[in-house]
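Here the structure is laid out as C-alpha cells; the discussion comes afterwards.
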Amino acid sequence: MTKQYLKPLALAVSLGLALTACGKSEQPENAAPAPAPTSTAAAPAPATTTAAAAAPKSVFDVSELGASDEACKDFNSFVNAKWVAANPIPADRTRWGAFDQLADNSLNTQHEIVEAAAKGAAQAKPGSAEQKIGYLYQTGMDEAAIEKAGFDPIKPKLDAIAALKNSDDVVSYITKSFTEGDQQVFQFGAGADFKDAKIQIAYTNQSGLGLPTKDYYFKPEYKDIRDAYVAYIAKTLELTGVADADAKKQADQVMAFETELAKASLAPTEMRDLNNQYHFVSVKDADKVTPHFNWEKFFTAQGVTIDKGFSLSQPKFFTEFDKLVASAPAAQWQAYLRFHAIDDASPYLSKNFQDNKFDFYGKTLAGQPEQKPRWKRVLGAINGSMGEALGQLYVAKTFTPEAKQRAEDLVTNVRDALKTRIENLDWMSAETKAKAIEKWNKFLPKIGYPDKWRDWSGLDVNDTSFYGNLQAAEKFNYEYDIAKIGKPTDRSLWDMTPQTVNAYYDPSTNTINFPAAILQPPFFDAKADDAINYGGIGAVIGHEASHGFDDQGSQFDGDGNKNDWWTKQDNAQFKARTAKLVQQFNDYAPIKDKPDLHVNGQLTLGENIADLGGVNIAYDALQTALKKDPSEASAKIDGYTEDQRFFLNWARVWRGSVREKQAILYLNVDPHSPAALRAIGAPSNVAAFATSFQCKPGDAMVRSEDKQVKIW
C-alpha cells in the first residue's frame with residue numbers, strides 16, 4: 001500500500017535517502033523528508049547581491065562549536081558534537097539531525113493542513129483534493145473503526161490466495177494483483193528509454209524480498225535477523241487465524257522461497273551498474289526467459305500496449321522467478337503470497353498487526369524503541385497516496401512566488417560556477433569539455449513545486465474505509481504511472497513532493513529539482529550572509545548538478561540518453577580519479593563499536609562525487625558573489641570569515657546521530673555515506689578548507705597531495 005509509482009529504476013539520485021528499516025519507502029525518515037519541511041514561509045533565496053547589509057546579527061550559533069584546535073582534526077565534531085550531545089534521538093526515530101528537524105517541521109505544517117481538511121471534508125467541494133485528503137486523514141485516524149475491522153479488509157485477498165491450486169492459478173493471481181496496483185514478486189512501471197529518453201517504455205525489476213538485501217539471507221552475521229524474520233512471518237500468519245504449527249511451517253516455506261529469489265537478485269552495488277538496470281527485449285524474447293509467465297497476457301491485463309519491447313532489467317532474476325512458477329508447490333506460493341499480502345497491509349489494519357510489523361522492522365532491524373505517533377504514520381500514508389495533492393496545499397501555505405524566483409537566481413549562480421569549473425578542468429580534453437557543456441546547457445532546474453499540478457479527479461475516496469481508500473489510491477497511482485508507457489517523456493513532472501526536505505537529479509530528463517521544503521534554514525536563510533547560504537543550499541544545488549557528471553550521470557547525454565560522450569583517455573582519467581574517492585570512503589569505519597564495518601565506497605560513489613562537486617562549485621559561486629563587495633569578503637562575523645562560515649554551514653547541514661542497528665542497515669543499503677562523514681569527506685579534499693582554518697600538513701582534515709581527490 002501507499003506505493004510511489006514514479007520510477008521503476010533506482011536512477012534519480014537525491015541529496016538524502018528516505019528509508020524505513022526494510023528499505024521500503026513509507027513514512028520518509030532519512031535525510032529527506034528523507035526521503036529525504038516547516039510551517040513558516042520558505043525563506044527566499046538571495047539573488048546576485050550579498051545579504052550582509054540585511055544581516056546585522058549572525059544566524060549561526062557559534063556557541064555550539066568546539067575548541068578551535070578541533071577544526072583541523074575532526075571538523076564534524078568541531079561543528080556538531082555539542083549539538084548532538086544536547087539533542088538525543090527521539091524514541092520514535094532511528095536517527096536525528098538537521099534534516100530530521102526540518103522533516104518534523106514539515107510534518108507539523110502538514111498536520112495542520114490535514115486536520116483542517118478532515119474537519120471541513122463534508123462541506124468541501126465534492127471530489128476536490130481537499131475533500132479526498134480530509135477523508136484519507138479522517139479514516140486513518142478512526143482507530144475504533146480500524147480496530148473493529150481487524151483484518152477483514154484483506155480477507156478477499158487471502159481467500160483468493162487460499163484458492164490457488166497450480167502454477168496457472170499463481171500466474172493469474174499475480175497478474176490480477178498488478179491490475180489493482182498490488183505488485184508481487186517483481187516491479188513494473190514506466191521510465192524513459194535509455195536509448196531514446198524522449199519516449200517512456202515499460203520496465204520490470206527484481207523485488208519480492210522481505211529482508212533489505214540478498215546478503216541478509218546468506219551471511220552468518222545476519223543469522224539472528226533471519227531467525228527473527230522467520231518468527232515474524234509466523235506471527236504475522238497467526239494473526240489471521242493460521243494455527244501455530246502450520247504458521248511455523250509456512251514461515252519456513254516463505255524463507256526458503258525468498259532465499260531462492262535472493263540467490264538470483266543483484267546486490268545494491270550491482271544495481272548501480274546501469275547495464276543491470278536496462279535490458280531491452282521484445283515480448284517474444286521475454287517469453288523465452290520466462291516460458292511459464294506469458295508477458296503478452298500480463299501486459300494485456302494491465303491495459304498496456306508494448307510496441308518494440310520493454311526492459312526485462314535483470315534477466316537472471318526473472319529466470320529464477322519463472323523456475324519458481326514452474327517448480328514451487330502451490331502451498332509454498334500460497335504461504336509466500338499470503339504473508340506478503342498481510343505484511344503489506346499491516347500498517348493499515350488493527351493495532352496487533354501494526355505492532356507486530358513494528359516489532360520486527362522497527363525494533364529488531366533498525367533499533368527504534370517506539371513507533372511514531374499515529375498522526376505521523378497516517379500522514380506517511382497520505383504522502384504515499386496523494387503526496388502531490390497535499391503538496392499543493394502545503395505550497396499555498398508556506399511558499400511564495402518571490403521565494404521561488406530568488407531560489408531560481410541562486411540556482412543560476414551555482415550553475416554558472418559549474419560551467420566555469422568544467423571549462424577550466426586541467427584533466428579533460430576540449431572535445432569532452434564541449435560535450436559536457438552541451439549537457440550543462442540542457443539542464444532544466446525546477447524549483448519548489450510543479451508548474452502544473454496533477455489531476456486527482458479519477459480517484460474515489462470516501463469517509464468510511466482507510467484501507468479501502470489506500471487501495472483505491474494504489475490502483476489509481478499505478479494506472480497513472482503505466483499510462484505513460486509509449487508516450488513522450490514529460491520533463492515537467494516531479495518525483496518528489498514539495499513538502500519533502502530533499503533535492504534530486506534525474507539523468508533521464510536531465511533535470512535538477514529542489515522542493516519547497518528544503519529552501520529554509522539551515523539550507524537557506526534570508527537573514528544570513530552569503531557564506532551561510534552558499535554553504536547550505538548552494539552546495540545542495542551544486543550537489544544535484546554534479547550528479548549529472550557522477551559515475552552514473554556521466555553516462556547520459558543532455559537529452560537523457562545513455563550515450564558515451566567521453567574520449568577514451570578522458571574516461572580513463574575520470575575513472576582513476578573516482579577510484580581514489582572509492583578508496584577514501586572504503587577506509588572509513590563509522591560505527592565506533594564495530595571497527596570492521598566500513599563504508600562501501602562503490603555503493604556511495606555517486607553521492608560522494610556529488611558532495612565533492614557541490615562543495616567546490618558552491619565555494620566558487622561564493623567567491624564570485626564576494627567580489628561584488630570586497631568589504632564583506634574580508635569581514636568577520638562572530639570571529640569567522642566568510643570562507644570559514646561556508647564550511648561551517650556545510651558541516652551543520654549534516655549534523656545528527658543514528659542508532660547502531662540503523663547505521664548498520666544504512667551501510668548495506670544506502671547509496672549515501674553516513675552524515676558525519678559527509679561533513680568531512682568533501683572538505684578534506686578542498687584546499688580552500690585547509691587554508692581557511694590554517695590547517696597544516698599531517699592534520700587529519702588535510703589529505704596529502706597523492707590522496708586528495710579532484711574531479712569536478
Side-chain angles (χ1 to χ4, degrees), residues 1-3 20-27 140 143 145-164 169-170 173-174 176-178 180-186 207-212 226 228-258 261 328 330-365 371 377 380-381 384-385 465-475:
M1 304 295 292
T2 68
K3 296 171 184 173
T20 61
C22 55
K24 299 175 183 177
S25 180
E26 183 182 301
Q27 169 68 32
E143 295 183 77
I146 292 170
E147 285 303 306
K148 183 178 179 181
F151 69 97
D152 286 353
I154 62 170
K155 282 182 178 177
K157 191 172 291 187
L158 298 180
D159 289 344
I161 293 170
L164 303 179
D169 290 347
V170 169
Y173 174 84
I174 291 172
K176 185 175 185 297
S177 292
F178 270 86
E180 297 168 351
D182 182 12
Q183 304 206 22
Q184 297 291 339
V185 191
F186 61 89
S207 188
L209 303 181
L211 292 176
R226 287 195 292 275
Y229 181 52
V230 172
Y232 164 67
I233 296 170
K235 186 173 180 181
T236 300
L237 295 169
E238 289 168 15
L239 290 176
T240 62
V242 178
D244 290 4
D246 195 21
K248 290 179 173 59
K249 178 182 177 182
Q250 290 186 43
D252 289 336
Q253 289 177 314
V254 173
M255 189 61 177
F257 187 97
E258 290 190 15
L261 284 182
Q332 187 173 23
W333 269 106
Q334 286 176 319
Y336 172 79
L337 294 170
R338 181 180 296 116
F339 161 67
H340 281 285
I342 305 166
D343 175 66
D344 289 346
S346 286
Y348 321 112
L349 302 178
S350 53
K351 188 175 184 296
N352 52 344
F353 288 91
Q354 298 168 40
D355 291 346
N356 179 48
K357 183 157 188 170
F358 174 74
D359 282 346
F360 177 70
Y361 284 113
K363 289 182 179 178
T364 301
L365 201 53
Q371 288 196 72
R377 287 180 275 142
S385 299
S465 172
F466 184 47
Y467 181 86
N469 287 336
L470 293 178
Q471 192 169 42
E474 186 171 68
K475 186 175 189 294

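Computation of the quantities below employed the complete heavy-atom set of this structure, encompassing side-chain atoms and omitting hydrogens, waters and symmetry-equivalent molecules.
Interatomic distance, W333 CH2 to I161 CD1, rounded to the nearest 0.5 Å: 11.0 Å. Note that the OG atom of S177 and the NE2 atom of H340 stand 12.5 Å from one another [nearest 0.5 Å]. A distance of 8.5 Å separates CG of D343 from CD1 of I233, quoted to the nearest 0.5 Å.
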Which atom pairs, one a donor and one an acceptor, fall under 3.5 Å between side chains of residues 237-245 and the rest of the protein, sequence neighbours left out?
from, atom 1, to, atom 2, distance (Å)
T240, OG1, L237, O, 2.7

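Residues passing the salt bridge (Lys or Arg N to Asp or Glu O under 4.0 Å) test with D359 are K363, sequence neighbours excluded. Partners of N352 according to the side-chain hydrogen bond (donor to acceptor under 3.5 Å, both in side chains) rule, which considers only residues two or more places apart in sequence or in another chain, are S350. Scanning for side-chain hydrogen bond (donor to acceptor under 3.5 Å, both in side chains) contacts around Y336 gives an empty result, with sequence neighbours left out. Remark: D152 engages K155 in a side chain to side chain contact (heavy atoms under 4.5 Å, CB included) (not counting sequence neighbours). In this view, A145 and D142 satisfy the side chain to side chain contact (heavy atoms under 4.5 Å, CB included) rule, not counting sequence neighbours. Applying the ring-ring contact (aromatic ring centres under 6.0 Å, His included) test to Y173 and every residue at least two apart in sequence or in another chain returns nothing. For E180, the side chain to side chain contact (heavy atoms under 4.5 Å, CB included) partners are K176, not counting sequence neighbours. For F178, the ring-ring contact (aromatic ring centres under 6.0 Å, His included) partners are F186, F298, not counting sequence neighbours. Taking the side chain to side chain contact (heavy atoms under 4.5 Å, CB included) definition, one finds that Q332 meets it with Q253, A256, F257, A328, P329, sequence neighbours left out. With sequence neighbours left out, D355 forms a salt bridge (Lys or Arg N to Asp or Glu O under 4.0 Å) with K351. In this view, Q354 and R374, R377 satisfy the side-chain hydrogen bond (donor to acceptor under 3.5 Å, both in side chains) rule, not counting sequence neighbours.
Judged by distance alone, with hydrogens and angles left aside, the side-chain atoms of Q334 form a donor-acceptor pair with the main-chain N or O of L164 at under 3.5 Å. Judged by distance alone, with hydrogens and angles left aside, the side-chain atoms of E258 form a donor-acceptor pair with the main-chain N or O of G210 at under 3.5 Å.
A341 approaches L158 most closely through the heavy-atom pair CB-CD2, 4.4 Å. Between P212 and L365, the closest heavy-atom pair is CG-CD2, 3.9 Å. Between A234 and A251, the shortest heavy-atom distance links the atoms N-CB, 3.7 Å. The two residues I146 and G140 make their nearest non-hydrogen contact at CD1-O, 3.6 Å.
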> Step by step, would you call I342 with F151 a side-chain contact (heavy atoms from CB on, under 4.5 Å)?
Replying inline: CA-CA 8 Å; I342 305 166; F151 69 97; over 6 Å; no
* Could you give me the CA-CA distance, side-chain angles and deciding distance for R338 and T236, then say whether side-chain contact (heavy atoms from CB on, under 4.5 Å) is met? => CA-CA 10 Å; R338 181 180 296 116; T236 300; over 6 Å; no
**Request:** Start with the C-alpha gap between I154 and D344, add the side-chain angles, then the distance that decides, and say whether side-chain contact (heavy atoms from CB on, under 4.5 Å) holds.
**Result:** CA-CA 10 Å; I154 62 170; D344 289 346; over 6 Å; no
Review point. Could you walk me through whether Y232 and F339 pass the ring-ring contact (aromatic ring centres under 6.0 Å, His included) check?
Key: CA-CA 10 Å; Y232 164 67; F339 161 67; 5.8 Å; yes
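Counting heavy atoms from C-beta on, the side chains of Q371 and K357 never come closer than 4.5 Å. K235 is not listed as a side-chain neighbour of F360, based on a closest heavy-atom distance of 4.5 Å or more.
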